[in-house]
Amino acid sequence: MHHFEARRGELHCEAVPLRRIAETVGTPAYVYSHATLSHHYRVFDEAFSGMPHLICYSMKANSNGSVIRTFTNLGSGVDIVSAGELSRALAAGAPPSKIVYSGVGKHIWEIEEALRCGILMFNVESREELETIDSVAGRMRKRAPISIRVNPDVDPKTHPYISTGLKKNKFGIHIGQAMRDYEWAARRKNIEVVGVDCHIGSQLTEISPFVDAAERVRLLVEKLLRKGMPIRLVDIGGGLGITYNDELPPHPKQYADAVVRAFSGLAVTLVLEPGRVLVGNAGILLTRVLYTKDAPATAGKGKKRFLIVDAAMNDLARPSLYGSYHAVVPVGRAPEKRALTDVVGPVCESGDFLAKDRRLPLYRSGDLLAVMSAGAYGFSMSSNYNSRPRAAEVMISGRRFEVVREREGPRDLSKGERTATFLLGRGKKRGRIL
Ligand SMILES: *Cc1c(COP(=O)(O)O)cnc(C)c1O
């Protein structure tokens with residue numbers, strides 16, 4: 001479900017014509033629908049009403065402060081993966097008591113910051129991390145609440161780059177070895193064992209991998225409880241998929257029912273870390289066609305048309321990175337005739353495409369297009385490659401629109417950069433001699 005709809009031949013986000021946004025803030029621009037974000041949160045939250053639960057929005061999917069605040073205003077917590085995310089989550093109104101900290105490589109200073117502000121728990125991914133947290137907490141005279149991220153070794157049947165719950169992945173501690181580390185952790189003065197965590201991957205379109213993982217996690221939780229460990233939080237991560245093209249992911253209700261069933265009768269609070277499912281279809285990337293050109297026919301493929309648009313792989317990396325599909329739809333009325341088309345950006349890489357081999361209308365230069373389902377892992381994965389300023393981000397609510405992140409300018413591109421004094425050939429040379 002989302003609030004991007006054509007009305008009288010013009011694509012709108014809620015009550016605002018996207019053309020207006022292109023004219024006012026320029027292109028490329030990310031546009032988010034506040035109503036869609038809120039709706040997705042509420043549906044997800046209500047789906048879990050059968051059990052005590054805490055939703056911790058996985059902010060790496062979209063780290064814009066207004067997106068995060070949309071959720072924190074509705075009672076959400078936040079799942080973070082760095083101290084940078086911690087500070088942005090706090091700035092967006094997340095209470096520390098609702099922040100969980102995941103990730104395989106937490107730096108000492110990051111652990112210190114998280115301990116200082118008193119987060120809900122660390123999801124720990126290795127024995128060495130556990131040892132580090134114990135000693136950092138000891139130095140700070142604190143007790144660090146932890147869960148171990150277990151790797152349940154289930155195949156999420158998603159893209160290999162976004163599957164995380166297999167033995168061969170770098171994530172978590174194998175579920176068969178976790179007991180040893182729990183027993184070690186339980187004996188440390190500066191560690192408080194509070195939960196069990198797992199996250200098996202992203203863009204899952206089936207229930208069964210979640211159920212398999214949940215059943216394995218439940219067995220571990222029961223074992224830990226029998227050993228007297230006070231497990232009160234069971235975090236089953238994120239990963240529920242969305243429809244980009246023709247996928248039919250389970251509804252949040254189906255997903256929630258399966259998860260709640262797997263943990264029924266346990267006196268624990270479920271922690272959920274949804275990212276993509278909350279934000280993916282709530283955002284689009286608005287772009288304008290700069291040029292068109294027709295390439296000659298190649299063997300077996302026929303002619304191909306290129307639409308060169310002003311958004312590129314630096315703005316939306318998913319197609320280049322994972323070969324992901326994003327629907328490309330017209331903002332205004334589209335020509336009837338179609339042709340085999342690649343939608344490509346200005347970046348100097350053949351891998352720079354937003355859509356490949358699509359039968360699209362014969363758009364012309366100046367036309368506006370919406371790259372759909374770009375709310376998750378869109379802006380948050382964007383870069384300045386080719387010295388392209390990052391796009392503006394806009395949030396719509398009803399008839400209102402607001403720029404929630406300014407388009408970058410030339411100064412942002414060289415922020416923090418200095419010319420080495422020895423290149424300037426005048427005055428006193430600086431630089432350290434080692
Ligand atoms: C990325 C991530 C999530 C969110 O995944 P989605 O597929 O966006 O729901 C949740 N938990 C952890 C630990 C993650 O790394």
Side-chain angles (χ1 to χ4, degrees), residues 37 40-41 43-45 47-48 54-64 67-68 71 76-82 84-86 89 98-106 114 119-126 129 146-152 156-166 169-173 195-207 209-210 213-214 217 233-244 247 249-250 252 255-256 259 270-283 317-318 321-322 324 373-381:
L37 294 168
H40 286 173
Y41 181 86
V43 167
F44 200 90
D45 190 33
F48 282 93
L54 173 66
I55 297 176
C56 291
Y57 165 56
S58 182
M59 68 172 277
K60 74 177 193 287
N62 187 321
S63 323
N64 184 280
V67 171
I68 302 169
F71 299 132
S76 184
V78 181
D79 167 42
I80 60 166
V81 292
S82 69
E85 287 197 347
L86 175 60
K98 291 185 181 176
I99 293 177
V100 297
Y101 187 178
S102 309
V104 281
K106 302 177 186 76
I119 63 165
L120 178 63
M121 71 174 164
F122 292 86
N123 290 336
V124 180
E125 304 220 15
S126 64
E129 184 193 332
I146 68 103
S147 71
I148 289 180
R149 175 171 178 177
V150 296
N151 182 331
K157 302 184 192 107
T158 183
H159 190 285
Y161 287 10
I162 49 178
S163 88
T164 58
L166 281 167
N169 298 128
K170 71 175 175 181
F171 296 101
I173 292 175
V196 178
D197 167 51
C198 85
H199 168 72
I200 56 174
S202 201
Q203 184 53 15
L204 272 72
T205 52
E206 288 174 45
I207 288 275
F210 288 120
V217 167
L233 300 171
V234 174
D235 183 339
I236 55 131
L240 186 58
I242 63 169
T243 303
Y244 286 100
E247 304 90 338
Y255 164 76
V259 171
L270 278 181
V271 178
L272 297 319
E273 302 172 347
R276 189 190 311 269
V277 71
L278 297 185
V279 294
N281 285 323
R318 298 187 70 256
L321 194 55
Y322 315 121
S324 313
S373 312
Y377 307 102
F379 188 92
S380 65
M381 281 183 140

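Counting convention: from 1, in listed order, for ligands and their atoms alike.
Atoms of ligand 1 lying under 4.0 Å from at least one heavy atom of Arg276, given by number and element, are 6 (P), 8 (O), 9 (O). Residue contact check: Ser102 has heavy atoms under 4.0 Å from atoms 13 (C) of ligand 1. Residue Ser58 approaches ligand 1 through these ligand atoms, each under 4.0 Å from one of its heavy atoms: 1 (C), 2 (C), 3 (C), 4 (C), 10 (C).
Within the 3.5 Å criterion, the main-chain N or O of Ile55 finds a donor-acceptor partner in the side chain of Ser76. Of the possible donor and acceptor atoms, one in the side chain of Asn151 sits under 3.5 Å from a partner among the backbone N and O of Phe171.
Below 30°, between 30° and 60°, or above 60°: for Phe210 and Tyr255 the angle between ring planes is above 60°, a perpendicular geometry.
With Gly241, Gly239, Ala376, Pro274 as candidates, the residue nearest to atom 6 (P) of ligand 1 on a non-hydrogen basis is Gly239. Within the set Gln203, Arg149, Lys60, the minimum heavy-atom distance to atom 2 (C) of ligand 1 is found for Lys60.
In terms of protein heavy atoms, atom 8 (O) of ligand 1 is closest to Tyr377 OH, 2.6 Å. Atom 7 (O) of ligand 1 has its closest protein heavy atom at Ser202 OG, 2.3 Å. For atom 11 (N) of ligand 1, the nearest protein heavy atom (residue, atom name, distance) is Glu273 OE1, 2.6 Å.
Distance OH/Tyr101 to OG/Ser82: 6.0 Å, rounded to 0.5 Å.
Between Glu129 and Lys106, at least one side-chain N (NZ, or NE/NH1/NH2) sits under 4.0 Å from a carboxylate O, which counts as a salt bridge.
For the ligand labelled ligand 1, residue Asp79 lies inside the 4.0 Å heavy-atom shell.
The side chain to side chain donor-acceptor pair (under 3.5 Å) check on Asn62 picks up Tyr32, with sequence neighbours excluded.
For Gly201, no nitrogen or oxygen atom sits less than 3.5 Å from a nitrogen or oxygen atom of ligand 1, counting backbone and side chain alike.
Between Gly201 and His199, the closest heavy-atom pair is O-CE1, 3.3 Å.
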